[in-house]
Amino acid sequence: KLDSPVVVRLYSDFQCPACRAVEPALQHAIETFKDRVKFIWKDFPLETIHPLARASANAARCADVQGKFWDYHDILYSSQNEWSSSKDSQSLFLRYANTLGLDVNKFQTCLTNKEQDRSVTANVTEGYANRVDRTPTVFINQKRYYGLTAAEWDTALTKALQEANVPPVVPATTTTPVVTTTMEVM
């Protein structure tokens with residue numbers, strides 16, 4: 001939710017096994033709270049231990065240019081073992097783009113020219129300014145967390161919403177219209 005007083009900033013690394021491991025809990029949090037909480041993805045590639053983390057972050061950003069960041073995000077995590085151990089990750093990144101129906105020529109140009117690397121660098125700089133030193137690191141407003149479980153997400157976000165005086169969701173007794181939400185990638 002773009003105008004929420006509760007903002008989640010997720011600092012993560014696509015090559016990080018711990019980040020992949022907490023993805024189901026994150027997806028639970030997004031699905032449960034997307035109508036009341038703003039979720040913002042922040043790239044934080046740990047290049048000293050994950051040599052393909054920055055390239056994968058750039059690939060996801062290039063997918064974002066075509067409106068498919070979250071779909072590409074999902075493919076990168078579900079295929080992490082494949083591309084992170086490949087001698088030709090670039091070809092796999094292109095294959096994933098094709099699978100999502102992206103314009104592969106535009107994607108390849110973006111990736112080859114590192115057109116989105118400035119965004120990745122800005123996220124890393126912001127992370128260091130906020131003393132991020134590992135992934136996954138999550139900030140719910142200004143409070144820092146590491147690798148939350150689904151139950152911990154529920155507790156932390158419910159508390160943050162209460163502190164922000166956001167009313168709880170009341171189950172509808174009649175059919176309600178579907179609300180489309182947008183998640184930000186910064």
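- Listed for the Ser78 side chain is a donor-acceptor partner under 3.5 Å among the backbone atoms of Ile75.
- For the residue pair Ser91 / Tyr96, no side-chain donor-acceptor distance below 3.5 Å is found, with atom types taken as modelled.
- More than 12 heavy atoms of other residues, nucleotides or ligands sit less than 6.0 Å from atom OH of Tyr145.
- Shortest non-hydrogen contact noted between Val7 and Ser4 is CG2-O, 3.9 Å.
- Residues passing the side chain to side chain donor-acceptor pair (under 3.5 Å) test with Gln142, sequence neighbours excluded: none.
- Between Leu161 and Val37 there is a side-chain heavy-atom pair separated by less than 4.5 Å.
- Looking only at side-chain heavy atoms (C-beta outward), Val8 and Leu157 come within less than 4.5 Å of each other.
- To the nearest 0.5 angstrom, Ser119 atom OG is 8.5 Å from Asp64 atom CG.
- Residue pairs satisfying the salt bridge (charged side-chain N to carboxylate O under 4.0 Å, His left out) criterion with at least one member in residues 92-107, sequence neighbours excluded, are listed as follows: Glu82-Arg95.
- Here the SG-CD distance, from Cys62 to Gln116, works out to 5.5 Å after rounding to the nearest 0.5 Å.
- Residues Val104 and Ala97 come closest through the heavy atom pair CG2-C, 4.4 Å.
- Inter-residue side-chain proximity for Lys68 and Leu102 is flagged as met; some heavy-atom pair is nearer than 4.5 Å.
- Remark: Gln27 pairs with Glu23 by the side chain to side chain donor-acceptor pair (under 3.5 Å) rule, at least two apart or across chains.
- In this structure, SG on Cys16 lies 6.5 Å from CG on Leu46, to the nearest 0.5 angstrom.
- Ring orientation note: the planes of Tyr77 and His73 are nearly perpendicular, at an angle over 60° on the 30°/60° scale.
- Closest of all the heavy-atom pairs between Asn123 and Asp43 is OD1-N, 2.8 Å.
- Listed by chain and number, the residues in a side chain to side chain donor-acceptor pair (under 3.5 Å) with Asp71 amount to none (sequence neighbours excluded).
- A side-chain donor-acceptor contact under 3.5 Å links Arg144 to the backbone of Asn130.
- For Asn81, the side chain to side chain donor-acceptor pair (under 3.5 Å) criterion is met by Arg20, not counting sequence neighbours.
- A continuous path of Ile, Leu, Val, Met, Phe, Trp and Tyr side chains, each step under 4.5 Å between heavy atoms, connects Phe69 with Trp83, placing both in one hydrophobic cluster.
- Sorted by first and then second residue, the salt bridge (charged side-chain N to carboxylate O under 4.0 Å, His left out) pairs involving residues 116-134 (not counting sequence neighbours) are Arg9-Glu126, Lys42-Glu126, Arg54-Asp117.
- Side-chain atoms of Asp13 come within 3.5 Å of backbone atoms of Gln15 as a donor-acceptor pair (strictly under, hydrogens ignored).
- Residues Glu152 and Thr149 bring a donor and an acceptor atom of their side chains to less than 3.5 Å of each other.
- Hydrophobic clustering of Ile, Leu, Val, Met, Phe, Trp and Tyr side chains at less than 4.5 Å, counting indirect connections, unites Phe39 with Val166.
- Annotation for Ala156 and Ile140: closest pair CB-CD1, 3.6 Å, computed over non-hydrogen atoms.
- Between the side chain of Ser56 and the main chain of Ala53, a donor-acceptor pair closer than 3.5 Å is present.
- Note: Phe139 and Tyr11 have perpendicular aromatic rings, judged against thresholds of 30 and 60 degrees for the angle between ring planes.
- Contact detail for His50 and Pro17: the closest heavy-atom pair is NE2-CD, 3.9 Å.
- Between Phe107 and Phe93, the gap from one ring centroid to the other reaches at least 6.0 Å.
- Of the inter-residue distances, the one linking Thr135 atom OG1 with Leu10 atom CG reads 12.0 Å to the nearest 0.5 angstrom.
- Contact record, Val22 with Gly147: CG1-CA, 3.9 Å, taken as the closest heavy-atom pair.
- Between atom CG of residue Leu52 and atom OG of residue Ser84 there is a gap of 7.0 Å, rounded to the nearest 0.5 Å.
- Note that CG of Asn141 and NZ of Lys159 are 12.0 Å apart. Values are rounded to the nearest 0.5 Å.
- Side-chain contact between Tyr146 and Val138 is absent, with no heavy atoms from C-beta onward closer than 4.5 Å.
- Using a 4.5 Å heavy-atom threshold, the side chains of Arg61 and Leu111 count as separate.
- Between Trp41 and Phe14, the gap from one ring centroid to the other is short of 6.0 Å.
- Taking the side chain as every heavy atom from C-beta outward, Tyr72 and Leu100 approach each other to under 4.5 Å.
- The cluster map of Ile, Leu, Val, Met, Phe, Trp and Tyr, joined by side-chain heavy atoms under 4.5 Å apart, puts Ile30 and Leu148 in the same cluster.
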Under the side chain to side chain contact (heavy atoms under 4.5 Å, CB included) rule, what do Asp154 and His28 come out as? Steps first, then yes or no, please. CA-CA 9 Å; Asp154 288 345; His28 162 79; 2.8 Å; yes

